[in-house]
Amino acid sequence: MYDLIVIGGGPAGLAAACAAWEKGLKHILIVERDKELGGILNQCIHNGFGLHYFKEELTGPEYAGRFIKMLEDTGVEVRLDTMVLTVTENRQVHMVGKDTGYRIEEAKAIILAMGCRERTRGAIAIPGQRPAGVFTAGAAQRYVNMEGWLPGRRVVILGSGDIGLIMARRMTLEGAKVLACVEVMPYSGGLNRNIVQCLHDYDIPLYLSHTVTDIRGRDRVEQVVVSQVDERRQPIPGTEMIFDCDTLLLSVGLIPENELTRQAGIAIDPRTNGAVVYENMETSLPGVFACGNVAHVHDLVDFVTAESQRAGAAAADYVLGSAPSDPAALEVHTGDGVTYTVPQHIRPNRVAKNCDLFFRVNRICGDSQILVKSGDTLIARFPRDHLAPGEMEHIVLPKVLLERASEAITVSIQEVESK
Ligand SMILES: Cc1cc2nc3c(=O)[nH]c(=O)nc-3n(C[C@H](O)[C@H](O)[C@H](O)COP(=O)(O)OP(=O)(O)OC[C@H]3O[C@@H](n4cnc5c(N)ncnc54)[C@H](O)[C@@H]3O)c2cc1C
């Protein structure tokens, strides 16, 4: 029996395993379906990783490499090329591996760190023909950066999330012509720095409040039709623009990879599509924790690392029996302007000093206050001069405040009216 099994060897799984080892667990297994550790970072060869955590600008593989090196200095066991098929309520992990065959391993605690996957054409139901040349941006990133293939030469990108923006630059650097980046919302879903560095610097136009309304081509994409949308995101007839292109890249959202979580009967939050978690990333199934993109989609890997270290340390506390008892929990509700929060429940007596709370807003806001209330009582406020749905927000709630809260906590946004 393992002390801890970590499912997924991306940055979340690596950080969680290292933290659990440091806290005293000695019998840890990481199970990774790929041939190497590092997760999605292996294909993210651009820089910009690690600014918060290492205070350095690293590429994705460099960032992952730092944690793989840390892991090598531990006795954590790694099983590559091994896919976890099922997790049961009594913490059995069913897996199938190239060298090991079908195995069932048991653990005192489990960390779910399976990352996320991309939404595809089918998920957003784009009309038109079904030719070759429609890729998710992540698949194209893998072709270009890891397998040495250029997926196309004249490209339209749908969605202005970070992966789409990064791929606009990447395809341009590899000699393709990126004709447009098209975004259905009236604002970009990506980080501001990526809009500047990946679109503006290469004169790639960004069409906000537009979407793809037709894909044309028999064998290969030949044209993409883009239309403006109204405030209900419905295409406006007469606004069509036709782009002659051979490739459409989709960057239209990420979905946490939660089949194992669901199967295990763990409560899922429909807003994050990840497990409902407590302040230490424990799920509704005691001893099972979730962290990284499987819990909620992150913009920056640095936050994945910090969150996963908390999950790893908490899993160690669980196994070593050092977690405090009396887990009375406060629910965290979303108020005006807030789409979701992680965690969804906080047990004040399990908070060491501060509780990190992450959330996203549902609209662009200027000068604003983040209000945290318990019932009708305001317990904290945080000023921000800008909030955007594409940028995950983070606030820190001190334990003393949480201990004073007698009712559920609500996080909301109040925009400061300009005079
Ligand atoms: C295409 C793409 C590009 C991105 N680019 C950037 C970027 O430029 N900058 C940035 O900061 N962030 C980027 N991100 C966000 C990035 O995903 C996170 O920062 C971080 O990598 C998430 O870490 P993770 O460990 O949660 O997930 P991942 O890195 O996805 O790792 C999850 C791991 O779990 C494994 N796994 C899944 N299911 C199973 C199973 N059943 N059995 C065994 N193993 C399993 C997967 O193979 C994978 O290795 C990108 C994300 C995607 C999808």
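All heavy atoms count here, side chains included; hydrogens, waters and symmetry mates do not. Counting convention: from 1, in listed order, for ligands and their atoms alike. Quantities reported herein were computed from a predicted structural model and do not represent experimental measurements.
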**OP:** Check each atom of ligand 1 against the heavy atoms of Gly138 and keep those under 4.0 Å away; list them by number with element.
**Re:** 1 (C)
**OP:** Compare Pro11, Gly292, Ala140 and give the one whose heavy atom is closest to atom 23 (O) of ligand 1.
**Re:** Pro11
**OP:** Taking the side chain as every heavy atom from C-beta outward, state whether Asn280 and Arg347 have any pair of such atoms under 4.5 Å apart.
**Re:** yes
Original post:
Will you find, in the side chains of Gln43 and Tyr143, an N or O donor that is under 3.5 Å from an N or O acceptor?
Top reply: no
Original post:
Side chain, backbone, both or neither: which part of Ala137 comes within less than 4.0 Å of ligand 1 when only heavy atoms are counted?
Top reply: neither
Subject >> Stacked cation flag Arg360 on Tyr340, 6.0 angstrom / 45 deg >> reply: no
Subject >> His46 side chain to Gln197 side chain, donor-acceptor N/O pair below 3.5 angstrom >> reply: no
**OP:** Check salt bridge (charged side-chain N to carboxylate O under 4.0 Å, His left out) between Arg218 and all other residues, then give those that pass, not counting sequence neighbours.
**Re:** none
**OP:** Would you please determine whether Met95 falls within less than 4.0 Å of ligand 1 on a heavy-atom basis?
**Re:** no
Original post:
Backbone, side chain, both or neither: what part of Thr82 comes under 4.0 angstrom of ligand 1, heavy atoms only?
Top reply: backbone
Original post:
Heavy atom under 4.0 Å from ligand 1: found in Val31's side chain, backbone, both, or neither?
Top reply: backbone
Original post:
So, Ser160 and Glu183: side-chain donor and acceptor under 3.5 Å apart, yes or no?
Top reply: yes
Original post:
Does Asp162 approach ligand 1 within less than 4.0 angstrom via side chain, backbone, both or neither, non-hydrogen atoms only?
Top reply: neither
Subject >> Atoms of ligand 1, numbered as shown, that sit under 4.0 Å from any heavy atom of Leu300 >> reply: 11 (O)
Subject >> Any Asp302 heavy atom less than 4.0 Å from ligand 1 >> reply: no
**OP:** Determine whether the side chains of Glu77 and Tyr2 contain a donor N or O and an acceptor N or O closer than 3.5 Å.
**Re:** yes
**OP:** With heavy atoms of Cys44 as the reference, note each atom of ligand 1 found under 4.0 Å away.
**Re:** 3 (C), 4 (C), 5 (N), 6 (C)
Subject >> Aromatic ring pairing His345/Tyr278, orientation class (parallel under 30°, perpendicular over 60°, tilted between) >> reply: tilted
Original post:
Looking only at non-hydrogen atoms, which of Val304, Asn293, Val301 approaches atom 15 (C) of ligand 1 most closely?
Top reply: Asn293
Original post:
Which word best sums up how the rings of Phe49 and Tyr63 line up, parallel for under 30°, tilted for 30 to 60°, or perpendicular for over 60°?
Top reply: tilted
Original post:
Do Ile413 and Glu393 have side-chain heavy atoms sitting under 4.5 Å apart?
Top reply: no
Subject >> Per-residue contact class, His46 against ligand 1 - non-hydrogen pairs under 4.0 Å >> reply: side chain
**OP:** Counting heavy atoms only, name the option from Val84, Val6, Leu112, Val93 that's nearest to atom 42 (N) of ligand 1.
**Re:** Val84
**OP:** Report the member of Ala12, Gly39, Gly13, Gly8 with the shortest heavy-atom distance to atom 25 (O) of ligand 1.
**Re:** Ala12
Subject >> Lys/Arg N to Asp/Glu carboxylate O, Arg142 vs Glu147, below 4.0 Å >> reply: yes
Original post:
Mind checking whether Glu32 has an N or O less than 3.5 Å away from an N or O of ligand 1?
Top reply: yes
Original post:
Considering only heavy atoms of Ala113, which atoms of ligand 1 have at least one such atom less than 4.0 Å away?
Top reply: 32 (C), 33 (C), 34 (O)
**OP:** List every atom of ligand 1 that sits less than 4.0 Å from any heavy atom of Gly10, numbering the atoms from 1 in the order shown and giving each element.
**Re:** 25 (O), 31 (O), 33 (C)
Subject >> Numbered atoms and elements of ligand 1 in range of Leu260, under 4.0 angstrom, heavy atoms >> reply: 41 (N)
